[in-house]
Amino acid sequence: MALIKERIADIQEQLRNLTAASYDEVEALRIKYLSKKGEITELFNLFRMVPKEEKAAMGQELNALRQLAEVKIAELKEVFEAQKMQQDKQDLTRTPDPIVLGTRHPLSLVREQIVDIFARIGFTVADGPEVEDDKHVFGMLNFAPEHPARDMQDTFFIEKEKGEQKPTDVLLRTHTSSVQTRVMTSQKPPIRVLCPGRVYRNEAISARAHCFFHQVEGLYIDKNVSFADLRQVLLYFAKEMFGPDTQIRLRPSYFPFTEPSAEMDISCDLCGGKGCAFCKGTGWVEILGCGMVDPNVLESCGIDSTVYSGYAFGMGVERITNLKYRVKDLRLFSENDIRFLDQFKSC
Ligand code: DAH
């Protein structure tokens, strides 16, 4: 009996100072004390030999010992379990999560492509304000005072004072041609610039129209610039943008700031010019307006029209993007829907 008591005291002492350096060591301790052949289990086996009158007290002592061992081992296990979980979280052998890259906006992609194509033949980029005055958007570009483009229907006018409805001469530019006048009044020829930017028109928003969109304006002023130069540059652009088989055609048109003026079509690349639903059976799709800068415009910007001549052209970035990527609804460009934008990942 004394032997069992001694063993109990002994194991109690060991349990009080129980330590382990790893999860495996804790498991070894559990086996040492509590498994089928463990030291505490062995004591329970000896219990049979304890005299009747001592059984109750000894039973209590043994139960208390087993409980102490279970609690101590559970405490140690908890420490290492927390550590183990932490290690699992920082599994250095795991393959990394893929980083989801954003995409560039299709309009930015196309604008950069246009700028890049013209940069290769010497055009630099010029910038101008979006909030403009009547003079730079219309007046200096040879728009007659009563020209319909100045009408409230088309142009967003900026109110001078709160509540004042009367049109003022401060407005949101309706086209990037306004940058032409800014450049011509601040630089001397030769001028060879490209002016990308946002423009605003007072239109109801639908699949085919928006109150803001993007244009790229081109301007070249020098001595002896001819319509043939314009045609050649535009043919180069069309082939670079839409492929080497692309054809162009120029149709007479009218713009106040160019004389003569033209609209340019490219051969429909869907049907190869044979005629399809996209080009309405004509084999051609319109992409830009252009012409020789009107001498009135040169003079209003302080450039001698007897010495210098030049050409200008202007195109809609949305239009070019639609032709390249067949986007059917203009609103997609400004809705920032990831499902739409994601499709330009590889562009
Ligand atoms: N500004 C015109 C528009 O918004 C486009 C344009 C046509 C620009 C002919 C030009 C040009 O420079 O020569 O519709």
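Just so you know, ligand 1 is whichever comes first in the structure, and atom 1 is the first atom listed for that ligand.
Q247 and S267 share no donor-acceptor pair across their side chains, judged by distance under 3.5 Å alone. Between Y254 and E259, the side chains place no donor N or O within less than 3.5 Å of an acceptor N or O (distance only, hydrogens not considered).
Annotation: ring pair (Phe, Tyr, Trp, His ring centres under 6.0 Å) contacts involving residues 211-234, sequence neighbours excluded, comprise H210-F212, Y220-Y311.
Aromatic rings of F143 and F138 (six-membered ring for Trp) have centroids within the 6.0 Å cut-off, being under it.
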Please output the side-chain donor-acceptor pairs of residues 280-287 that fall under 3.5 Å, not counting sequence neighbours, one pair per line with the distance.
unit_1	atom_1	unit_2	atom_2	d
T282	OG1	C279	O	2.7
T282	OG1	W284	N	3.1
T282	OG1	W284	O	3.0

Listing, residues 99-110 side-chain donor-acceptor contacts under 3.5 Å, not counting sequence neighbours, or none:
unit_1	atom_1	unit_2	atom_2	d
T103	OG1	L341	O	3.4
R104	NH1	E112	OE1	2.4
R104	NH1	E112	OE2	3.4
H105	ND1	L107	N	3.0
H105	NE2	F333	O	2.7

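Annotation: ligand 1 has protein neighbours H175, S177, Q180, R201, Q215, E217, F255, F257, T258, G289, C290, G291, A312, F313, G314, each with a heavy atom less than 4.0 angstrom from the ligand.
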